[in-house]
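Data first, discussion second: the structure below is written as structure tokens.
Both ligands and their constituent atoms are indexed starting at 1 by order of listing.
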Amino acid sequence: MVTLEDIEAARQRIGEHVVRTQLRRSQALSWRAGIPVYLKLENRQQTGSFKLRGATNALRCLDGQARSRGLVTASTGNHGRAVAHAAGTMGARATVCLSALVPANKVEAIRSIGANVRIVGRSQDDAMLEVERLVREEGMCFVPPFDDAAVIAGQGTLGLEVADDLPETALILVPLSGGGLAAGVAAAIKGRLPAARMVGVSMERGAAMAASLAAGRPMDVQEVETLADSLGGGIGLDNRLTFPMCRALLDEVILLSEEEIAAGIRHAARIEGETVEGAGAVGIAALLAGKIVSDGPTVIIVSGGNIDPAVHRAIVDDRDAGLAP
Ligand SMILES: *Cc1c(COP(=O)(O)O)cnc(C)c1O
């Protein structure tokens, strides 16, 4: 398992290369919930999501020779963008394999910073097959999106920032997909603030970690379209780190409907003045839906802001965003 010491070492390694994001009190959510509620604004991180933390730590842990062979990854978008960005700052080449479900704005953002993009199949699993081929045939170096000690430790650095900024934190809401974010933040928080509760939040449609935790072993779940597109994809049937860490460290997992996620995006835009993608809005959405019971200061990890502008406008205006109910 990844330890508090690993996460502190990651903070040393990446500190000057990532933004230390703001923890901002939300007056509207505090009033609504009857407890102080804070937003950790990783939608304002460089590249638009926390994924830059894990990618930067992973790349800086590699030796120069591994980096010079070229980096490759599969992604729902944000990890690919983070790897492409971190590679660019270190003069390395990155190839990002994406499924056809990845929104166009994310594909374009990855291309625009000089990465080589390959669109393959309709799922994360399909994209991973192409990664395996590139590793095997072209000797590239794989940067995993979540099930990797350096990636988890990098994501955990935002948990250290929360513990420093708000030592009285009683509960943290963390978006949950492959579990790199949840595992890292939970390891940091449980290490620093042992009494704080950790709650993972996913969408009802295709939540692989939630299904796996319920079953007690990694499970395959069909990947379907959701407003929380960054939360799609499996956890890997051969998962080594994030599944056992989430099982040990998460106190609860909450699932949300597409309507509830849309309400979270809308609140973030209209009331908080923040552009937040579906995955980044699930903590706000869980609170608005009344699915959270907390008796003390509550921190919502707003994990990313890379939403397609047309989809965002439709949701904020309360029009149909083109997704099945
Ligand atoms: C990747 C991602 C998540 C989920 O992170 P995992 O480590 O896969 O659980 C949540 N929100 C956003 C914006 C993401 O890009």
(message) Give the atom numbers and elements of ligand 1 that come within less than 4.0 Å of a heavy atom of P175.
(response)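 The list of qualifying atoms is 10 (C).
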
For [X] versus [Y], what's the shortest heavy-atom pair and its separation?
X: A182; Y: L250; result: CB-CD2, 4.2 Å
X: L255; Y: A210; result: CD2-CB, 3.9 Å
X: D147; Y: T242; result: OD1-N, 3.1 Å

Starting from [atom], locate the nearest protein heavy atom and write down its residue, its atom name and how far away it is, to 0.1 Å.
atom: atom 6 (P) of ligand 1; answer: G179 N, 3.5 Å
atom: atom 5 (O) of ligand 1; answer: F50 CZ, 3.5 Å
atom: atom 8 (O) of ligand 1; answer: G178 N, 2.9 Å
atom: atom 15 (O) of ligand 1; answer: K51 NZ, 2.7 Å
atom: atom 12 (C) of ligand 1; answer: S303 OG, 3.3 Å

For ligand 1 and [X], I'd like to know whether there is a polar contact (N/O to N/O, distance under 3.5 Å).
X: S49; result: no
X: G304; result: no
X: L176; result: no

(request) Report yes or no: does S99 contribute a side-chain atom to a donor-acceptor pair with the main-chain N or O of A127 at less than 3.5 Å? (result)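 Not a single qualifying donor-acceptor pair exists.
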
(message) Using only atom types and a distance under 3.5 Å, with no angle test, would you say the side chain of N239 pairs donor to acceptor with the backbone of I235?
(response)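 At least one qualifying donor-acceptor pair exists.
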
(message) Under a plain distance cut-off of 3.5 Å, with no hydrogens placed, do R67 and Q65 share a side-chain donor-acceptor pair?
(response)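 Distance-only check fails for Q65 and R67.
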
